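Being a predicted model, the structure only gives us computed values, none of them experimental.
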Amino acid sequence: MVRRLIGGVLILKKLNFEIYLTFFKIGMFTFGGGYAMLPLIEKEMVESKKWIDEEEIVDVLALSQTMPGAIALNCATLIGYRLGGHLTSLFAMLGVITPSIILLTLIALFFNQFLDQAIIKAIFMGIRSGIVALIIKAGIRIAKAAVQDRLTLFLCACSIVGVVFINISPIILIVTGGLIGFMIYRLYPNWARKVLERGHS
């Protein structure tokens, strides 16, 4: 019993250290916010570490957007909690914010000299261009996992029209989508289960 307890503690410590380093690495290269972070999270969590699957990434993003705060921090918190509970979520949070704290502190110290440098402006212009590719990749990944049939395709199209052309709040769209999913599951449970099984296959 004692050996099992010690073994569990050591495994948890190793996981916490590993998740801190993983999210630290993600945080180092996450220019552009949580959407740009998704491809890096997917690569590390799904492909490299095999801690979670692609469908869970979509769920994490949906939950992260419905909560206040930065998407990147919310994602790290949810994934950390999913893997090891409260303590692991704390290590994930610390990992993802530590690079920002370090970089912002350095920028604040040398702000006046840093801001007017033409080469710095050119570097950030290139970074912003790369961010577009990361966000597009994240969108494609999410679409593949989320759009499973004609209804979800219709909801996706309506959401795009609502955000781009009508300027509807994303919060309203998320809540409405959740309510529609809930109603469909209550009214047509067998059909809803088939769609869910198809999305996780």
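Inter-residue side-chain proximity for I19 and W51 is flagged as met; some heavy-atom pair is nearer than 4.5 Å. Between T22 and M45, some side-chain heavy-atom pair lies under the 4.5 Å cut-off. Residues M28 and F23 form no side-chain contact, since every pair of their non-hydrogen atoms from C-beta on lies 4.5 Å or further apart.
Under the 4.5 Å side-chain heavy-atom criterion for ILVMFWY residues, a single connected hydrophobic cluster contains both V164 and I172. One hydrophobic cluster, built from ILVMFWY side chains closer than 4.5 Å, holds both L87 and L21. I97 and F17 fall within a single hydrophobic cluster, where Ile, Leu, Val, Met, Phe, Trp and Tyr are joined by side-chain heavy atoms under 4.5 Å apart, directly or via other members. Transitive grouping of hydrophobic side chains (ILVMFWY, heavy atoms separated by less than 4.5 Å) keeps Y81 and I26 in distinct clusters. Tracing side-chain contacts under 4.5 Å through hydrophobic residues (I, L, V, M, F, W, Y), one reaches I101 starting from V96; they form part of the same cluster.
Each of L94, L15, L90 was evaluated against Y20; a single residue qualifies, L94, per the side chain to side chain contact (heavy atoms under 4.5 Å, CB included) test.
Not one N or O on the side chain of T176 forms a donor-acceptor pair closer than 3.5 Å with the backbone of L173.
The NE2 atom of H86 lies 11.0 Å from the OG1 atom of T77; values are rounded to the nearest 0.5 Å. Taken from CG in L73 to CE in M93, the straight-line distance is 5.0 Å, to the nearest 0.5 Å. Residue T88 holds its OG1 atom at 4.0 Å from CG of N16, rounded to the nearest 0.5 Å. Remark: I166 CD1 to C158 SG distance equals 9.0 Å, nearest 0.5 Å.
The nearest pair of heavy atoms linking G80 to A92 is CA-CB, 4.1 Å. The minimum heavy-atom distance linking E47 with K50 is given by the pair O-NZ, 3.6 Å.
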As a quick check of understanding, evaluate side-chain contact (heavy atoms from CB on, under 4.5 Å) for E18 and K49, giving each step before the final call.
CA-CA 10 Å; E18 193 171 356; K49 304 296 183 182; 3.0 Å; yes
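Dense packing is recorded around CZ of F24, with more than 12 heavy atoms of other residues, nucleotides or ligands lying under 6.0 Å away.
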